[in-house]
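Below is one structure; the comments refer to it alone.
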Amino acid sequence: MAVSFANKVAIVTGASSGIGHAVAKELAGRGCKVGLLARRRELIEALAGEIQAAGGQAAFAPADVTERAQTVAAIHELRDRLGPVDLLFANSGLGLPTQLEPMNTEQVVSMIQVNLLGVVYSIEAVLPQMLERKAGHLAAVSSLASYKGLPGESAYCASKAG
């Protein structure tokens, strides 16, 4: 049975490029109202314009998912503009090799902030209303790397497993 996305509201994090960009376009093409969230304003603004030019509905809000207050506020802004969120597609991600000598601790922390805490902050922004409505879907992009460690990628694997 095919799922209808017509007039549903989806928020896509990491919508400026890659998987998030493609998913946002696909959802919009299926009649979904799409909220675009990413750090790079010019890219999500352009994507929103592209979706609207094709007859779809889109709104954008720049935010860095590592910043809790910023993420929650941006998602609430999108919700206020588009309507109650039916689908959160938490897609923002960062992949960097783990170095040992010298250890790249700052980059490891960044990966955990984006890949794990960014998902938590995004869910925090939509879950209370979904529970209240008894409706909604949460999707978070992980990686096969979360199931099996990869050489030189320990921090990435751990952040995706989280």
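Since the structure is predicted, the reported quantities are computational estimates derived from the model, not experimental observations.
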With heavy-atom distances below 4.5 Å as the criterion, would you say the side chains of N91 and V23 are in contact? no

If you define the side chain from C-beta out and look only at heavy atoms, does anything of S110 sit under 4.5 Å from T66? no

Pair D86 + R79, salt bridge at N-O below 4.0 Å: no

L43: which other cluster members, linking ILVMFWY side chains closer than 4.5 Å, directly or transitively? none

Residues clustered with V108, ILVMFWY side-chain links under 4.5 angstrom: I112, L116

If you compare all heavy atoms of P62 against all heavy atoms of A74, which two are closest, and at what distance to 0.1 Å? O-CB, 4.3 Å

Partner set under side-chain contact (heavy atoms from CB on, under 4.5 Å) for E153, not counting sequence neighbours: P97, L150, Y156, C157

Taking only residues two or more places apart in sequence or in another chain, which ones pass side-chain contact (heavy atoms from CB on, under 4.5 Å) with S154? T98

Can you list every side chain to side chain donor-acceptor pair (under 3.5 Å) pair that touches residues 35-54, not counting sequence neighbours? S16-R40, S17-R40, K25-E50

Hey, is the main chain of A161 close enough, under 3.5 Å, to the side chain of S146 for a donor-acceptor pair? no

Between the side chain of H76 and the main-chain N/O of A125, is any donor-acceptor distance below 3.5 Å? yes

Return the set of residues passing salt bridge (charged side-chain N to carboxylate O under 4.0 Å, His left out) with E124 (not counting sequence neighbours), or none when no residue passes. R68

Which of these passes side chain to side chain contact (heavy atoms under 4.5 Å, CB included) with F89: V141, L37, T13? V141

Go through L87 and V9 one step at a time and tell me if the side-chain contact (heavy atoms from CB on, under 4.5 Å) criterion holds. CA-CA 6 Å; L87 168 65; V9 174; over 6 Å; no

Verdict with supporting geometry, I11 and S122, side-chain contact (heavy atoms from CB on, under 4.5 Å): CA-CA 9 Å; I11 304 294; S122 299; over 6 Å; no

To the nearest 0.5 Å, tell me how far K160 NZ sits from Y147 OH. 12.0 Å

